[in-house]
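Please read the structure below before turning to the comments.
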Amino acid sequence: MIAASEPEGSPPPAGPGISASPLLPGAAVLALAAAACGGDAGFAAEDLASEEAEAAAEAAEPRTLVRTAPIAPELLVDYLEISGRLEPRAEVLVASELGGAVEDVFFDKGDRVAAGQLLARIGSDLLQADLAEAEADLEAARSDFDRLEQLVAREAAPEQELTSARAALKREEARADSARLRYARSEIRAPTAGVVILRELEPGEVLAPGSPVALVHDVAALRATIGIPENDIAWFRVGSPAEVWMDAYPDRSFTGTLRYIAPAAASPGRNFPAEIELDNRDGVLRSGLIVRTRLERRRFEDAVVLSRDVFVERDGDHFAFVLDGGRAFVRPLELGPEQDGAVVVFAGLQVGETLIVQGHRNLLDGQPVAVAADR
């Protein structure tokens, strides 16, 4: 049998009368060193081992994969949207003041007319004759007055006759002025520019005084009539800008101005009637269209604005998760107005924090997470 050789560097066996002094193992040396230096080094070694164990456990702990985004300041405009109806800026019912036979009609339904344009003549033949008679009488009265004035100047006629002639002249002047007015009113003219919506007469008809002749809409500007709820009335003033949409022009929006707000709420509904004026000089818009209007209620600048899908709702409260040190931390939120799926956050988040935007639905407060790399 072959004997095993001693490992190189081993100490020689102890002889008679010599005590053995073998080398100590490494652990024993560390223990002796710790004993020689006191107990602090022993505790430090234990702490280091504990930290390493925790790090190893944390590294082994499963992490949920999430995506993040930095919170940057944004602008959100809070709008009030109300449905309404387009109406003309002015709607004028033209009527015959004096009445009589309809002699001529110079317009038709749908025509565009200018302010002062002649629309019809009603009973003008008789009134023209009355005017001619009144002007002839006026000329005679003026001639008598001039003759008497010369006679009185030569003291060939008494002053009293001149006074009577002056009074007669004034009466004839007034009569002639009345005849001119009556004849002028036999010519029906458009009181405003616009479009003729209704024609209520035909040549040969005899109209009574006050009979309707035409309905004219001033459509150079239209007004969207709306009702502002009483809870929102404090946000708006005359002159505020507005946007208007309608189904008739689905790919186009129109800008307008809030021109009128009623001083009192209307019942039922407690809404304040208001009007938004739209420029329509190109004639594209038509009265009667149903519109959707949008008024700027509030403007939030440099605010925290987030999408609805970033929030977690639990028991009626809203939360979001932020990333800090490789862990997800929950933040209760105080939300403000919402516009087109974006919401202003009044409290709970700050600009510059890192928000978890995906993979956050089932997270717990303080849970370790791993951030997915962007592709």
Subject >> Interatomic distance, Lys109 atom NZ to Leu215 atom CG [nearest 0.5 angstrom] >> reply: 11.0 Å
Original post:
Please walk me through it: do Ile122 and Leu201 pass side-chain contact (heavy atoms from CB on, under 4.5 Å)?
Top reply: CA-CA 10 Å; Ile122 301 176; Leu201 79 170; 4.1 Å; yes
Subject >> Cluster check Trp245, Leu222: I/L/V/M/F/W/Y, side chain < 4.5 angstrom >> reply: no
**OP:** Begin from the C-alpha positions of Arg112 and Val219 and carry the test side-chain contact (heavy atoms from CB on, under 4.5 Å) through to its verdict.
**Re:** CA-CA 10 Å; Arg112 288 185 173 272; Val219 293; 3.8 Å; yes
Original post:
Would a 4.5 Å heavy-atom cut-off, applied to side chains only, mark Val345 and Leu335 as touching?
Top reply: yes
Original post:
Can we say Glu149 and Arg166 salt-bridge, meaning some charged N sits less than 4.0 Å from an Asp/Glu carboxylate O?
Top reply: no
Original post:
Is Asp111 reaching over with its side chain to a backbone N or O of Val113, donor-acceptor style, under 3.5 angstrom?
Top reply: no
Original post:
Roughly how far apart are Asp146 CG and Leu162 CG, rounded to 0.5 Å?
Top reply: 10.0 Å
**OP:** Give a yes or no on whether Leu295 and Met246 share a hydrophobic cluster (residues Ile, Leu, Val, Met, Phe, Trp, Tyr; joining criterion: side-chain heavy atoms under 4.5 Å apart).
**Re:** yes
**OP:** Check Leu86 against Arg286 and note the closest heavy-atom contact, atom names and distance.
**Re:** CD1-O, 3.7 Å
Subject >> Under 3.5 Å donor-acceptor, His360 side chain and Val310 backbone >> reply: yes
**OP:** Decide whether Tyr79 and Phe272 are clustered together by the hydrophobic rule: side chain heavy atoms of Ile, Leu, Val, Met, Phe, Trp, Tyr closer than 4.5 Å, transitively.
**Re:** no
Original post:
Is any side-chain N of the basic residue among Arg182 and Asp130 closer than 4.0 Å to the acidic one's carboxylate O?
Top reply: no
Original post:
Counting distance only, does the side-chain N/O of Glu230 pair as donor-acceptor with the main-chain N or O of Ala265 below 3.5 Å?
Top reply: no
**OP:** Would you kindly confirm whether Ile228 and Trp235 end up in one hydrophobic cluster when ILVMFWY residues are joined by side chain heavy atoms under 4.5 Å apart?
**Re:** yes
Original post:
Which pair of non-hydrogen atoms, one from Ala328 and one from Phe321, has the smallest distance, and what is that distance?
Top reply: CB-CD2, 4.0 Å
Subject >> Heavy atoms of other groups near Arg281 CZ, more than 12 under 6.0 Å >> reply: no
Original post:
Is it true that a side-chain atom of Arg237 and a backbone atom of Ala234 form a donor plus acceptor pair closer than 3.5 Å?
Top reply: yes
Subject >> Rounded distance [0.5 Å steps], CG in Asn271 versus CG in Asn231 >> reply: 9.5 Å
Original post:
Should we say atom CG of Asp108 is surrounded by more than 12 heavy atoms from elsewhere, each under 6.0 Å from it?
Top reply: yes
**OP:** Look at Glu173 together with Lys170 and state whether they make a salt bridge at an N to O cut-off of under 4.0 Å.
**Re:** no
Original post:
Counting only heavy atoms not in Asp282, do more than 12 fall under 6.0 Å of its CG?
Top reply: yes
Original post:
Quick one: does Leu126's side chain get under 4.5 Å of Ser186's, heavy atoms only?
Top reply: no
Original post:
side-chain contact (heavy atoms from CB on, under 4.5 Å) between Arg299 and Leu75: does it pass, once the steps are laid out?
Top reply: CA-CA 7 Å; Arg299 180 179 289 263; Leu75 167 68; 3.6 Å; yes
Original post:
Considering only heavy atoms from C-beta outward, does the side chain of Thr255 approach that of Pro241 to under 4.5 Å?
Top reply: no
Subject >> Contact check, side chains of Arg297 and Phe236, non-hydrogen atoms, under 4.5 Å >> reply: yes
**OP:** Taking all non-hydrogen atoms of both residues into account, name the closest pair between Ile276 and Val244 and its distance.
**Re:** CG2-CG2, 4.4 Å
Subject >> Option from Thr354, Thr68, Leu349 for which side chain to side chain contact (heavy atoms under 4.5 Å, CB included) with Val322 holds >> reply: Leu349
Original post:
Is a donor on one side and an acceptor on the other found under 3.5 Å between the side chain of Glu277 and the backbone of Ala221?
Top reply: no
Original post:
Between Asp340 (side chain) and Ala342 (backbone), is there a donor-acceptor pair under 3.5 Å?
Top reply: no
Original post:
Taking side chain as C-beta onward, heavy atoms only, is Glu81 less than 4.5 Å from Gln339?
Top reply: yes
Subject >> Lys/Arg N to Asp/Glu carboxylate O, Arg180 vs Asp177, below 4.0 Å >> reply: yes
**OP:** May I ask you to decide whether Glu243 forms a salt bridge with Arg294, counting only side-chain N to carboxylate O separations under 4.0 Å?
**Re:** yes
Original post:
If only atom types and distance count, is the side chain of Glu161 paired as donor or acceptor with the main-chain N or O of Pro158 below 3.5 Å?
Top reply: no
Original post:
Can you tell me how far CD of Glu133 sits from CD of Gln128, rounded to the nearest 0.5 angstrom?
Top reply: 13.5 Å
**OP:** Have a look at Phe254 and tell me which of Thr293, Leu285, Asn280 forms a side chain to side chain contact (heavy atoms under 4.5 Å, CB included) with it.
**Re:** Leu285
Original post:
Going by the angle between their ring planes, with limits at 30° and 60°, are Phe311 and His318 parallel, tilted or perpendicular?
Top reply: perpendicular
Original post:
Going by heavy atoms in the side chains, are Glu91 and Ile197 under 4.5 Å from each other?
Top reply: no
**OP:** Can you measure from CZ (Arg175) to CZ (Arg171) and round to the nearest 0.5 angstrom?
**Re:** 11.5 Å
Subject >> Atom of Leu333, atom of Ala320 and distance for their closest heavy-atom approach >> reply: CD1-CB, 3.8 Å
Original post:
Taking C-beta and beyond as the side chain, do Leu323 and Val369 meet within less than 4.5 Å on heavy atoms?
Top reply: yes
Subject >> Heavy-atom pair with the smallest gap, counting every atom of Arg63 and Gly326 >> reply: NH1-O, 3.2 Å
Subject >> Stepwise side-chain contact (heavy atoms from CB on, under 4.5 Å) check, Val66 with Leu363 >> reply: CA-CA 10 Å; Val66 298; Leu363 291 179; 4.3 Å; yes
**OP:** Please report the shortest heavy-atom distance between Pro73 and Asp302, naming the atom on each side.
**Re:** CB-CA, 3.8 Å
Original post:
Should Leu289 and Val195 be regarded as members of a common hydrophobic cluster, given that ILVMFWY residues are connected when their side-chain heavy atoms come within less than 4.5 Å of each other, either directly or indirectly?
Top reply: yes
**OP:** Supply the atom-to-atom distance Ser287 OG to Arg85 CZ, rounded to the nearest 0.5 angstrom.
**Re:** 7.0 Å
Subject >> Donor-acceptor pair, side chain of Arg199 and main chain of Phe107, under 3.5 angstrom >> reply: yes
Subject >> Short side-chain to backbone donor-acceptor contact, Glu97 and Arg185, under 3.5 Å >> reply: no
Original post:
How about Val343 and Arg308: do any of their side-chain heavy atoms sit closer than 4.5 Å?
Top reply: yes
